[in-house]
Amino acid sequence: MTVPDTSTLHSINPLTQQTLASYPVFDLAQLDVVLPQVSAAQQEWQLTLAQERSALLRSLAVVLRRRREELATLATTEMGKTLISARAEIDKCADACDYYAQHGPAMIADDSVTLDNGRRAFVSYQPLGIVLAIMPWNFPFWQVFRCVVPAFMAGNAVVLKHASNVPGCALAIESVCREAGAPEHLMRTLLVPGHQASALIAHPLVSAVSFTGSTDAGRKIAATAGQHLKKCVLELGGSDAYLVLDDADLDLAVEKCVTSRLLNNGQSCIAAKRFLIDNSLYGEFTQKYAAAFARLSCGDPMLPGTDIGPLARPDLAQDLAGQVAESVRLGAVLVYGGVRTSDDSTDAFYPPTVLGEVRPGMPAFDEELFGPVAALVRVRSEDEAIALANQSCFGLGSGVFSRDEARARRVAARLQAGNCAINDFVRSDPRLPFGGVKDSGYGRELSHLGLREFTNIQSVVIG
Ligand code: NAD
(Lines give C-alpha, C1' and ligand atoms only; values in the text may rest on other atoms or scores of the structure.)
Protein backbone atom coordinates (compact mmCIF):
# COMPACT_ATOMS: atom_id res chain seq x y z
CA MET A 1 0.00 0.00 0.00
CA THR A 2 1.28 3.46 -0.88
CA VAL A 3 1.64 5.71 2.13
CA PRO A 4 0.05 9.09 1.28
CA ASP A 5 2.51 11.93 1.31
CA THR A 6 0.97 14.36 3.78
CA SER A 7 3.95 16.72 3.83
CA THR A 8 3.36 18.06 0.30
CA LEU A 9 0.37 19.30 -1.70
CA HIS A 10 0.51 18.79 -5.44
CA SER A 11 -0.99 20.85 -8.18
CA ILE A 12 -1.92 18.29 -10.86
CA ASN A 13 -3.37 19.15 -14.27
CA PRO A 14 -6.48 16.93 -14.60
CA LEU A 15 -6.16 16.97 -18.41
CA THR A 16 -2.65 15.51 -18.50
CA GLN A 17 -2.14 14.25 -14.92
CA GLN A 18 1.15 16.12 -14.94
CA THR A 19 2.30 17.61 -11.66
CA LEU A 20 2.55 21.36 -12.20
CA ALA A 21 4.01 22.26 -8.84
CA SER A 22 4.39 20.91 -5.31
CA TYR A 23 4.07 22.89 -2.12
CA PRO A 24 5.07 22.02 1.44
CA VAL A 25 2.09 21.82 3.79
CA PHE A 26 1.80 24.32 6.59
CA ASP A 27 3.37 23.19 9.83
CA LEU A 28 0.60 23.32 12.42
CA ALA A 29 3.19 24.02 15.10
CA GLN A 30 3.39 27.49 13.49
CA LEU A 31 -0.30 28.23 14.19
CA ASP A 32 0.56 30.00 17.43
CA VAL A 33 2.85 32.28 15.47
CA VAL A 34 0.62 33.00 12.48
CA LEU A 35 -2.78 33.38 14.11
CA PRO A 36 -1.64 36.06 16.58
CA GLN A 37 -0.28 37.99 13.57
CA VAL A 38 -3.64 37.69 11.81
CA SER A 39 -5.45 38.68 14.97
CA ALA A 40 -3.28 41.78 15.42
CA ALA A 41 -3.96 42.78 11.80
CA GLN A 42 -7.70 42.30 12.34
CA GLN A 43 -7.73 44.43 15.47
CA GLU A 44 -6.18 47.29 13.52
CA TRP A 45 -8.51 46.69 10.58
CA GLN A 46 -11.66 46.88 12.67
CA LEU A 47 -10.75 50.46 13.58
CA THR A 48 -10.84 51.54 9.93
CA LEU A 49 -13.73 53.52 8.49
CA ALA A 50 -16.06 51.91 5.98
CA GLN A 51 -14.59 54.13 3.25
CA GLU A 52 -11.11 52.70 3.84
CA ARG A 53 -12.49 49.19 3.58
CA SER A 54 -14.23 50.14 0.33
CA ALA A 55 -10.93 51.43 -1.02
CA LEU A 56 -9.30 48.05 -0.39
CA LEU A 57 -12.15 46.25 -2.17
CA ARG A 58 -11.86 48.57 -5.18
CA SER A 59 -8.16 47.91 -5.30
CA LEU A 60 -8.81 44.15 -5.15
CA ALA A 61 -11.08 44.50 -8.18
CA VAL A 62 -8.33 46.33 -10.08
CA VAL A 63 -5.73 43.66 -9.30
CA LEU A 64 -8.10 40.83 -10.21
CA ARG A 65 -8.85 42.42 -13.57
CA ARG A 66 -5.18 43.10 -14.22
CA ARG A 67 -4.20 39.49 -13.39
CA ARG A 68 -7.30 37.95 -15.01
CA GLU A 69 -5.52 35.84 -17.62
CA GLU A 70 -2.92 34.48 -15.23
CA LEU A 71 -5.50 33.59 -12.55
CA ALA A 72 -7.96 32.06 -15.01
CA THR A 73 -5.21 29.92 -16.54
CA LEU A 74 -4.20 28.76 -13.08
CA ALA A 75 -7.78 27.65 -12.31
CA THR A 76 -8.09 25.82 -15.63
CA THR A 77 -4.82 23.98 -15.28
CA GLU A 78 -5.42 23.04 -11.63
CA MET A 79 -9.03 21.88 -11.82
CA GLY A 80 -10.07 21.57 -15.48
CA LYS A 81 -12.80 24.20 -15.97
CA THR A 82 -12.82 25.80 -19.39
CA LEU A 83 -10.67 28.90 -19.71
CA ILE A 84 -13.73 30.86 -20.81
CA SER A 85 -15.58 30.00 -17.61
CA ALA A 86 -12.46 30.64 -15.53
CA ARG A 87 -12.21 34.17 -16.97
CA ALA A 88 -15.88 34.72 -16.15
CA GLU A 89 -15.17 33.56 -12.60
CA ILE A 90 -12.42 36.15 -12.14
CA ASP A 91 -14.73 38.84 -13.55
CA LYS A 92 -17.41 37.80 -11.07
CA CYS A 93 -14.96 38.13 -8.17
CA ALA A 94 -13.98 41.63 -9.31
CA ASP A 95 -17.65 42.63 -9.71
CA ALA A 96 -18.39 41.43 -6.17
CA CYS A 97 -15.53 43.60 -4.87
CA ASP A 98 -17.05 46.62 -6.62
CA TYR A 99 -20.53 45.77 -5.33
CA TYR A 100 -19.47 45.57 -1.69
CA ALA A 101 -17.21 48.60 -2.08
CA GLN A 102 -20.28 50.59 -3.11
CA HIS A 103 -23.02 49.07 -0.94
CA GLY A 104 -21.05 47.58 1.96
CA PRO A 105 -20.82 50.80 4.01
CA ALA A 106 -24.64 50.98 4.22
CA MET A 107 -24.77 47.31 5.27
CA ILE A 108 -22.56 47.93 8.30
CA ALA A 109 -24.00 51.34 9.25
CA ASP A 110 -25.85 51.52 12.57
CA ASP A 111 -29.64 51.05 12.53
CA SER A 112 -31.43 53.50 14.84
CA VAL A 113 -34.30 52.31 17.00
CA THR A 114 -36.58 54.48 19.15
CA LEU A 115 -37.68 52.84 22.39
CA ASP A 116 -40.50 53.86 24.76
CA ASN A 117 -40.23 57.08 26.78
CA GLY A 118 -38.04 58.59 24.10
CA ARG A 119 -35.07 56.38 24.88
CA ARG A 120 -32.77 55.85 21.92
CA ALA A 121 -31.02 52.74 20.79
CA PHE A 122 -29.13 51.44 17.81
CA VAL A 123 -28.02 48.17 16.36
CA SER A 124 -24.42 48.05 15.23
CA TYR A 125 -22.55 45.45 13.20
CA GLN A 126 -19.14 44.70 14.66
CA PRO A 127 -16.64 42.19 13.28
CA LEU A 128 -16.26 38.79 14.88
CA GLY A 129 -12.48 38.57 14.40
CA ILE A 130 -10.82 35.84 12.33
CA VAL A 131 -13.09 33.96 9.92
CA LEU A 132 -11.72 30.58 8.87
CA ALA A 133 -12.71 29.89 5.25
CA ILE A 134 -12.64 26.19 4.37
CA MET A 135 -13.28 26.04 0.65
CA PRO A 136 -13.76 23.59 -2.25
CA TRP A 137 -11.94 23.44 -5.57
CA ASN A 138 -14.85 23.83 -7.98
CA PHE A 139 -14.89 27.65 -8.13
CA PRO A 140 -11.42 28.12 -6.66
CA PHE A 141 -11.57 31.93 -6.74
CA TRP A 142 -15.28 32.76 -6.49
CA GLN A 143 -15.98 30.57 -3.44
CA VAL A 144 -13.18 32.34 -1.59
CA PHE A 145 -13.92 35.88 -2.72
CA ARG A 146 -17.61 35.63 -1.87
CA CYS A 147 -16.46 34.98 1.70
CA VAL A 148 -13.43 37.29 1.88
CA VAL A 149 -15.01 40.42 0.38
CA PRO A 150 -17.94 40.82 2.81
CA ALA A 151 -15.68 39.64 5.66
CA PHE A 152 -13.22 42.48 4.95
CA MET A 153 -16.08 44.98 4.67
CA ALA A 154 -17.34 43.86 8.08
CA GLY A 155 -13.87 44.36 9.61
CA ASN A 156 -12.86 40.71 9.85
CA ALA A 157 -9.62 38.96 8.87
CA VAL A 158 -9.67 35.71 6.90
CA VAL A 159 -7.58 32.56 7.10
CA LEU A 160 -8.06 30.35 4.05
CA LYS A 161 -7.83 26.58 4.09
CA HIS A 162 -8.45 25.73 0.47
CA ALA A 163 -9.01 22.33 -1.16
CA SER A 164 -5.80 20.33 -1.45
CA ASN A 165 -5.90 20.11 -5.27
CA VAL A 166 -5.83 23.90 -5.85
CA PRO A 167 -2.80 25.07 -3.83
CA GLY A 168 -1.70 27.42 -6.63
CA CYS A 169 -5.05 29.23 -6.59
CA ALA A 170 -4.96 29.34 -2.79
CA LEU A 171 -1.59 31.09 -2.75
CA ALA A 172 -2.55 33.37 -5.65
CA ILE A 173 -5.50 34.70 -3.61
CA GLU A 174 -3.17 35.72 -0.80
CA SER A 175 -0.89 37.41 -3.29
CA VAL A 176 -3.82 39.30 -4.89
CA CYS A 177 -4.75 40.63 -1.43
CA ARG A 178 -1.18 41.67 -0.77
CA GLU A 179 -0.86 43.38 -4.14
CA ALA A 180 -4.14 45.22 -3.57
CA GLY A 181 -2.67 46.74 -0.41
CA ALA A 182 -4.43 44.66 2.25
CA PRO A 183 -2.69 45.11 5.60
CA GLU A 184 -0.05 42.46 6.17
CA HIS A 185 -1.55 39.23 7.63
CA LEU A 186 -5.19 40.35 7.16
CA MET A 187 -5.64 37.46 4.75
CA ARG A 188 -3.50 34.35 5.07
CA THR A 189 -3.54 31.11 3.12
CA LEU A 190 -2.50 28.03 5.07
CA LEU A 191 -1.87 24.89 3.02
CA VAL A 192 -3.41 22.35 5.37
CA PRO A 193 -4.95 19.01 4.29
CA GLY A 194 -8.64 18.51 5.13
CA HIS A 195 -8.09 15.93 7.83
CA GLN A 196 -5.91 18.37 9.79
CA ALA A 197 -8.28 21.32 9.58
CA SER A 198 -9.98 20.69 12.92
CA ALA A 199 -6.91 22.19 14.63
CA LEU A 200 -7.70 25.47 12.89
CA ILE A 201 -11.36 25.43 13.87
CA ALA A 202 -10.49 24.68 17.49
CA HIS A 203 -7.87 27.42 17.82
CA PRO A 204 -9.03 30.10 20.30
CA LEU A 205 -8.13 32.94 17.93
CA VAL A 206 -10.49 31.64 15.21
CA SER A 207 -13.93 33.14 15.79
CA ALA A 208 -16.07 31.60 13.07
CA VAL A 209 -16.06 29.19 10.16
CA SER A 210 -17.33 29.65 6.64
CA PHE A 211 -17.44 26.24 5.01
CA THR A 212 -18.31 25.36 1.42
CA GLY A 213 -18.03 21.76 0.36
CA SER A 214 -19.60 18.34 0.68
CA THR A 215 -22.30 17.41 3.15
CA ASP A 216 -20.10 14.76 4.80
CA ALA A 217 -17.27 17.20 5.50
CA GLY A 218 -19.85 19.81 6.57
CA ARG A 219 -21.18 17.51 9.29
CA LYS A 220 -17.69 17.02 10.72
CA ILE A 221 -16.84 20.70 10.57
CA ALA A 222 -20.15 21.70 12.17
CA ALA A 223 -19.53 19.16 14.95
CA THR A 224 -16.08 20.58 15.68
CA ALA A 225 -17.35 24.16 15.45
CA GLY A 226 -20.26 23.24 17.75
CA GLN A 227 -17.94 21.70 20.29
CA HIS A 228 -16.04 24.99 20.45
CA LEU A 229 -19.23 27.11 20.13
CA LYS A 230 -18.04 28.86 16.99
CA LYS A 231 -20.38 30.47 14.53
CA CYS A 232 -20.53 28.43 11.35
CA VAL A 233 -22.07 28.92 7.90
CA LEU A 234 -22.39 25.77 5.82
CA GLU A 235 -22.77 25.81 2.03
CA LEU A 236 -23.05 22.14 1.14
CA GLY A 237 -24.04 19.91 -1.73
CA GLY A 238 -27.21 19.92 -3.79
CA SER A 239 -29.35 17.86 -6.11
CA ASP A 240 -31.43 20.70 -7.48
CA ALA A 241 -34.80 19.80 -8.93
CA TYR A 242 -36.13 21.69 -11.96
CA LEU A 243 -39.85 21.29 -12.60
CA VAL A 244 -41.03 21.45 -16.19
CA LEU A 245 -44.80 21.96 -15.82
CA ASP A 246 -47.32 21.08 -18.53
CA ASP A 247 -47.58 24.72 -19.70
CA ALA A 248 -43.80 25.30 -19.93
CA ASP A 249 -42.07 26.89 -22.90
CA LEU A 250 -40.32 23.67 -23.85
CA ASP A 251 -37.43 25.09 -25.86
CA LEU A 252 -36.65 27.62 -23.14
CA ALA A 253 -36.77 24.86 -20.52
CA VAL A 254 -34.42 22.63 -22.51
CA GLU A 255 -31.96 25.46 -23.13
CA LYS A 256 -31.79 26.58 -19.49
CA CYS A 257 -31.75 23.04 -18.10
CA VAL A 258 -28.88 22.03 -20.38
CA THR A 259 -26.85 25.14 -19.56
CA SER A 260 -27.36 24.81 -15.82
CA ARG A 261 -26.56 21.08 -15.73
CA LEU A 262 -23.24 21.65 -17.51
CA LEU A 263 -21.97 24.66 -15.56
CA ASN A 264 -18.34 24.10 -14.65
CA ASN A 265 -18.18 20.70 -16.42
CA GLY A 266 -21.22 19.71 -14.34
CA GLN A 267 -19.41 20.35 -11.05
CA SER A 268 -21.50 23.08 -9.52
CA CYS A 269 -23.45 22.81 -6.28
CA ILE A 270 -26.31 24.78 -7.87
CA ALA A 271 -26.32 23.00 -11.20
CA ALA A 272 -29.75 21.68 -12.13
CA LYS A 273 -29.44 17.96 -11.48
CA ARG A 274 -32.91 16.37 -11.42
CA PHE A 275 -35.45 17.31 -14.10
CA LEU A 276 -39.08 16.59 -13.19
CA ILE A 277 -40.92 16.76 -16.49
CA ASP A 278 -44.64 16.58 -17.01
CA ASN A 279 -45.61 13.39 -18.86
CA SER A 280 -47.13 15.41 -21.73
CA LEU A 281 -43.71 16.98 -22.50
CA TYR A 282 -41.41 14.17 -21.38
CA GLY A 283 -40.74 12.61 -24.82
CA GLU A 284 -40.01 15.85 -26.64
CA PHE A 285 -37.97 17.25 -23.74
CA THR A 286 -35.82 14.08 -23.62
CA GLN A 287 -35.20 14.11 -27.36
CA LYS A 288 -34.23 17.81 -27.47
CA TYR A 289 -32.16 17.53 -24.29
CA ALA A 290 -30.14 14.58 -25.63
CA ALA A 291 -29.68 16.35 -28.98
CA ALA A 292 -28.17 19.35 -27.17
CA PHE A 293 -25.76 17.07 -25.28
CA ALA A 294 -24.76 15.42 -28.59
CA ARG A 295 -23.60 18.81 -29.93
CA LEU A 296 -21.11 19.36 -27.10
CA SER A 297 -17.41 19.40 -27.70
CA CYS A 298 -15.30 17.73 -24.98
CA GLY A 299 -11.56 18.16 -24.70
CA ASP A 300 -8.79 20.51 -23.69
CA PRO A 301 -10.34 23.22 -21.47
CA MET A 302 -7.74 25.75 -22.61
CA LEU A 303 -9.11 25.69 -26.18
CA PRO A 304 -11.85 28.18 -27.07
CA GLY A 305 -14.11 25.61 -28.80
CA THR A 306 -14.28 23.24 -25.82
CA ASP A 307 -17.60 23.05 -23.94
CA ILE A 308 -16.65 20.35 -21.44
CA GLY A 309 -13.24 19.68 -19.94
CA PRO A 310 -12.14 16.92 -17.59
CA LEU A 311 -13.48 16.58 -14.06
CA ALA A 312 -11.13 17.88 -11.41
CA ARG A 313 -9.69 14.46 -10.53
CA PRO A 314 -9.82 10.93 -12.00
CA ASP A 315 -11.39 9.49 -8.81
CA LEU A 316 -14.35 11.86 -9.31
CA ALA A 317 -14.94 10.43 -12.80
CA GLN A 318 -14.80 6.91 -11.38
CA ASP A 319 -17.30 7.76 -8.64
CA LEU A 320 -19.67 9.27 -11.20
CA ALA A 321 -19.36 6.20 -13.44
CA GLY A 322 -20.34 4.07 -10.43
CA GLN A 323 -23.43 6.21 -9.73
CA VAL A 324 -24.54 6.00 -13.37
CA ALA A 325 -23.97 2.23 -13.57
CA GLU A 326 -25.92 1.60 -10.36
CA SER A 327 -28.80 3.83 -11.51
CA VAL A 328 -29.00 1.91 -14.81
CA ARG A 329 -28.89 -1.40 -12.92
CA LEU A 330 -31.89 -0.17 -10.90
CA GLY A 331 -33.88 0.68 -14.04
CA ALA A 332 -32.77 4.09 -15.32
CA VAL A 333 -32.56 4.31 -19.12
CA LEU A 334 -29.29 5.41 -20.71
CA VAL A 335 -30.58 7.96 -23.22
CA TYR A 336 -27.24 9.45 -24.22
CA GLY A 337 -23.56 9.01 -23.31
CA GLY A 338 -22.56 6.93 -20.32
CA VAL A 339 -19.64 5.22 -22.04
CA ARG A 340 -16.15 6.33 -21.08
CA THR A 341 -13.41 6.16 -23.68
CA SER A 342 -11.10 4.72 -21.04
CA ASP A 343 -11.50 3.13 -17.61
CA ASP A 344 -8.02 4.21 -16.85
CA SER A 345 -7.63 5.35 -13.25
CA THR A 346 -5.72 8.37 -14.56
CA ASP A 347 -8.53 9.57 -16.86
CA ALA A 348 -10.54 12.45 -15.40
CA PHE A 349 -13.01 12.72 -18.31
CA TYR A 350 -16.63 11.70 -17.98
CA PRO A 351 -18.85 12.07 -21.07
CA PRO A 352 -22.02 14.18 -21.02
CA THR A 353 -24.73 11.68 -20.16
CA VAL A 354 -28.55 11.71 -20.03
CA LEU A 355 -30.40 9.22 -17.86
CA GLY A 356 -34.15 8.76 -18.38
CA GLU A 357 -36.93 7.26 -16.22
CA VAL A 358 -34.98 8.04 -13.05
CA ARG A 359 -36.86 7.26 -9.82
CA PRO A 360 -36.25 7.59 -6.06
CA GLY A 361 -34.01 4.82 -4.79
CA MET A 362 -31.48 5.31 -7.60
CA PRO A 363 -28.19 7.17 -6.94
CA ALA A 364 -29.09 9.56 -9.79
CA PHE A 365 -32.13 10.67 -7.75
CA ASP A 366 -30.96 10.29 -4.15
CA GLU A 367 -27.36 11.48 -4.39
CA GLU A 368 -25.53 14.46 -5.82
CA LEU A 369 -24.14 13.79 -9.32
CA PHE A 370 -21.06 16.00 -9.53
CA GLY A 371 -20.39 15.92 -13.27
CA PRO A 372 -22.17 16.25 -16.63
CA VAL A 373 -24.97 13.74 -15.98
CA ALA A 374 -28.65 14.71 -16.17
CA ALA A 375 -31.39 12.72 -14.41
CA LEU A 376 -34.77 12.96 -16.17
CA VAL A 377 -37.85 12.03 -14.15
CA ARG A 378 -41.35 11.57 -15.57
CA VAL A 379 -44.15 13.11 -13.46
CA ARG A 380 -47.91 13.08 -13.94
CA SER A 381 -49.02 16.15 -12.00
CA GLU A 382 -47.82 19.36 -10.43
CA ASP A 383 -48.31 17.86 -6.97
CA GLU A 384 -46.22 14.82 -7.84
CA ALA A 385 -43.47 17.10 -9.21
CA ILE A 386 -43.40 19.11 -5.98
CA ALA A 387 -43.42 15.98 -3.81
CA LEU A 388 -40.53 14.43 -5.76
CA ALA A 389 -38.57 17.69 -5.77
CA ASN A 390 -38.81 17.74 -1.99
CA GLN A 391 -38.08 14.00 -1.66
CA SER A 392 -34.39 14.73 -1.32
CA CYS A 393 -32.06 15.23 1.59
CA PHE A 394 -30.80 18.37 -0.21
CA GLY A 395 -32.36 21.82 -0.46
CA LEU A 396 -30.04 24.21 -2.26
CA GLY A 397 -31.47 25.43 -5.60
CA SER A 398 -34.53 24.70 -7.69
CA GLY A 399 -36.32 25.82 -10.83
CA VAL A 400 -39.84 26.03 -12.22
CA PHE A 401 -40.79 26.32 -15.89
CA SER A 402 -44.31 27.53 -16.62
CA ARG A 403 -45.85 30.19 -18.83
CA ASP A 404 -48.09 31.16 -15.88
CA GLU A 405 -45.95 33.23 -13.50
CA ALA A 406 -48.53 33.18 -10.69
CA ARG A 407 -48.64 29.39 -10.86
CA ALA A 408 -44.84 29.14 -10.93
CA ARG A 409 -44.61 31.38 -7.86
CA ARG A 410 -47.12 29.21 -5.98
CA VAL A 411 -45.03 26.15 -6.85
CA ALA A 412 -41.76 27.88 -5.89
CA ALA A 413 -43.18 28.68 -2.44
CA ARG A 414 -43.73 24.95 -1.84
CA LEU A 415 -40.17 23.93 -2.77
CA GLN A 416 -37.76 23.21 0.08
CA ALA A 417 -34.77 25.05 -1.38
CA GLY A 418 -32.84 28.18 -0.50
CA ASN A 419 -32.85 29.48 -4.07
CA CYS A 420 -35.39 29.18 -6.86
CA ALA A 421 -35.40 30.39 -10.49
CA ILE A 422 -38.56 30.77 -12.54
CA ASN A 423 -38.04 30.19 -16.28
CA ASP A 424 -34.30 30.50 -15.65
CA PHE A 425 -31.57 28.80 -13.65
CA VAL A 426 -30.05 29.68 -10.29
CA ARG A 427 -26.84 31.70 -10.17
CA SER A 428 -25.19 33.28 -7.16
CA ASP A 429 -25.38 37.07 -7.18
CA PRO A 430 -23.90 39.49 -4.61
CA ARG A 431 -27.28 41.25 -4.39
CA LEU A 432 -29.13 38.11 -3.27
CA PRO A 433 -28.67 35.87 -0.24
CA PHE A 434 -27.34 32.46 -1.20
CA GLY A 435 -27.58 29.20 0.74
CA GLY A 436 -29.59 26.11 1.43
CA VAL A 437 -31.79 24.17 3.79
CA LYS A 438 -31.74 20.51 4.91
CA ASP A 439 -28.46 18.72 4.06
CA SER A 440 -27.45 21.64 1.81
CA GLY A 441 -26.47 23.52 4.95
CA TYR A 442 -27.44 26.61 6.89
CA GLY A 443 -26.69 30.29 7.04
CA ARG A 444 -26.35 32.55 4.03
CA GLU A 445 -23.60 34.14 1.98
CA LEU A 446 -23.76 37.31 -0.14
CA SER A 447 -26.07 40.35 0.15
CA HIS A 448 -26.30 42.20 3.48
CA LEU A 449 -27.59 39.01 5.11
CA GLY A 450 -24.44 37.08 4.21
CA LEU A 451 -22.21 39.91 5.38
CA ARG A 452 -23.98 40.05 8.75
CA GLU A 453 -23.48 36.30 9.38
CA PHE A 454 -19.95 37.19 10.44
CA THR A 455 -20.75 40.19 12.58
CA ASN A 456 -21.55 40.69 16.21
CA ILE A 457 -25.01 42.22 15.93
CA GLN A 458 -24.77 44.51 18.91
CA SER A 459 -27.71 46.33 20.54
CA VAL A 460 -26.76 49.58 22.22
CA VAL A 461 -29.28 51.47 24.37
CA ILE A 462 -28.69 55.10 25.36
CA GLY A 463 -30.24 55.92 28.70
P1 NAD B 1 -15.04 18.53 0.20
O2 NAD B 1 -16.05 18.54 1.28
O3 NAD B 1 -14.34 17.25 -0.07
O4 NAD B 1 -13.90 19.59 0.52
C5 NAD B 1 -14.19 20.94 0.77
C6 NAD B 1 -13.14 21.50 1.71
O7 NAD B 1 -13.26 20.88 2.99
C8 NAD B 1 -11.71 21.24 1.26
O9 NAD B 1 -10.93 22.38 1.60
C10 NAD B 1 -11.30 20.04 2.08
O11 NAD B 1 -9.91 19.93 2.26
C12 NAD B 1 -12.01 20.34 3.38
N13 NAD B 1 -12.28 19.19 4.24
C14 NAD B 1 -12.63 17.93 3.86
N15 NAD B 1 -12.83 17.16 4.96
C16 NAD B 1 -12.61 17.96 6.04
C17 NAD B 1 -12.67 17.76 7.45
N18 NAD B 1 -12.98 16.58 7.98
N19 NAD B 1 -12.40 18.82 8.26
C20 NAD B 1 -12.10 20.03 7.74
N21 NAD B 1 -12.02 20.26 6.41
C22 NAD B 1 -12.27 19.26 5.57
O23 NAD B 1 -15.74 19.10 -1.10
P24 NAD B 1 -15.15 19.28 -2.56
O25 NAD B 1 -15.05 17.95 -3.21
O26 NAD B 1 -13.93 20.13 -2.50
O27 NAD B 1 -16.30 20.15 -3.25
C28 NAD B 1 -17.43 19.59 -3.84
C29 NAD B 1 -18.63 19.69 -2.92
O30 NAD B 1 -18.82 21.05 -2.54
C31 NAD B 1 -19.92 19.30 -3.62
O32 NAD B 1 -20.70 18.54 -2.75
C33 NAD B 1 -20.59 20.63 -3.91
O34 NAD B 1 -21.96 20.57 -4.07
C35 NAD B 1 -20.17 21.42 -2.72
N36 NAD B 1 -20.29 22.86 -3.00
C37 NAD B 1 -21.27 23.58 -2.38
C38 NAD B 1 -21.43 24.93 -2.66
C39 NAD B 1 -22.50 25.76 -2.03
O40 NAD B 1 -22.43 26.99 -2.14
N41 NAD B 1 -23.50 25.19 -1.39
C42 NAD B 1 -20.56 25.54 -3.58
C43 NAD B 1 -19.57 24.77 -4.18
C44 NAD B 1 -19.44 23.43 -3.87
Side-chain angles (χ1 to χ4, degrees), residues 1-12 14 17 19-35 38 78-80 130-140 143-144 147 158-171 173-174 187-237 267 269 311-320 322 345-346 348 367-368 370 439-443:
M1 201 176 108
T2 319
V3 179
D5 174 9
T6 51
S7 63
T8 313
L9 293 185
H10 303 286
S11 175
I12 298 173
Q17 294 308 309
T19 300
L20 304 169
S22 298
Y23 304 87
V25 303
F26 176 76
D27 176 3
L28 288 176
Q30 293 299 306
L31 262 192
D32 285 328
V33 176
V34 171
L35 290 181
V38 179
E78 279 199 323
M79 54 66 68
I130 299 177
V131 177
L132 172 64
I134 304 181
M135 292 293 152
W137 46 263
N138 62 337
F139 291 91
Q143 303 292 1
V144 179
C147 167
V158 175
V159 168
L160 170 63
K161 193 229 92 55
H162 217 325
S164 300
N165 56 332
V166 288
C169 295
L171 293 169
I173 292 166
E174 188 182 271
M187 193 272 149
R188 289 293 304 269
T189 289
L190 305 183
L191 297 182
V192 175
H195 65 277
Q196 292 179 3
S198 54
L200 304 183
I201 302 170
H203 196 284
L205 285 177
V206 167
S207 308
V209 184
S210 174
F211 173 69
T212 302
S214 63
T215 300
D216 282 351
R219 276 186 222 288
K220 292 180 190 148
I221 285 160
T224 310
Q227 208 177 357
H228 296 275
L229 289 177
K230 305 234 169 131
K231 176 74 185 280
C232 182
V233 167
L234 299 177
E235 299 283 0
L236 309 179
Q267 303 163 115
C269 53
L311 301 189
R313 299 189 313 260
D315 61 295
L316 299 172
Q318 283 185 326
D319 290 350
L320 191 58
S345 64
T346 61
E367 301 171 8
E368 181 178 38
F370 220 54
D439 286 2
S440 293
Y442 48 72

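Here, residue 1 is the first one in the sequence, and each next residue gets the next number.
Taking both residues in full, the closest heavy atoms of Leu191 and Pro24 are given as CD1-O, 4.0 Å, listed atom of the first, atom of the second, then distance. Closest heavy-atom contact between Pro14 and Gly80: CG-N, 3.6 Å. Pairing each heavy atom of Phe370 with each of Leu311, the nearest pair is O-CD1, 4.1 Å. Nearest heavy atoms, Ala133 versus Val158: CB-CG1, 4.1 Å.
Between the side chain of His162 and the backbone N or O of Thr189, no donor-acceptor pair lies under 3.5 Å. A donor-acceptor pair under 3.5 Å is formed between the side chain of Ser440 and the backbone N or O of Gly237. Remark: side-chain polar atoms of Lys230 are not paired, donor with acceptor, to backbone N or O of Val209 under 3.5 angstrom.
Scanning for side-chain hydrogen bond (donor to acceptor under 3.5 Å, both in side chains) contacts around Asp27 gives an empty result, with sequence neighbours left out. Qualifying side-chain hydrogen bond (donor to acceptor under 3.5 Å, both in side chains) partners for Lys220, counting only residues two or more places apart in sequence or in other chains: none. Remark: Leu200 pairs with Leu28, Leu31, Leu132, Lys161, Leu190, Val192 by the side chain to side chain contact (heavy atoms under 4.5 Å, CB included) rule, at least two apart or across chains. The side chain to side chain contact (heavy atoms under 4.5 Å, CB included) check on Ala163 picks up Trp137, Asn165, Val166, with sequence neighbours excluded. Applying the side-chain hydrogen bond (donor to acceptor under 3.5 Å, both in side chains) test to Gln318 and every residue at least two apart in sequence or in another chain returns nothing.
Side chains of Val159 and Val206 form no contact here, defined as non-hydrogen atoms less than 4.5 Å apart. Inter-residue side-chain proximity for Asn138 and Gln143 is flagged as met; some heavy-atom pair is nearer than 4.5 Å. For the pair His228 and Pro204, the minimum side-chain heavy-atom distance is 4.5 Å or more. Between Ser11 and Pro167, some side-chain heavy-atom pair lies under the 4.5 Å cut-off.
Residue pairs meeting the side-chain hydrogen bond (donor to acceptor under 3.5 Å, both in side chains) criterion with at least one partner in residues 198-219, sequence neighbours excluded, are Asp32-His203, Arg219-Asp439.
How far CG of Leu9 is from OH of Tyr23: 9.5 Å, rounded to the nearest 0.5 Å.
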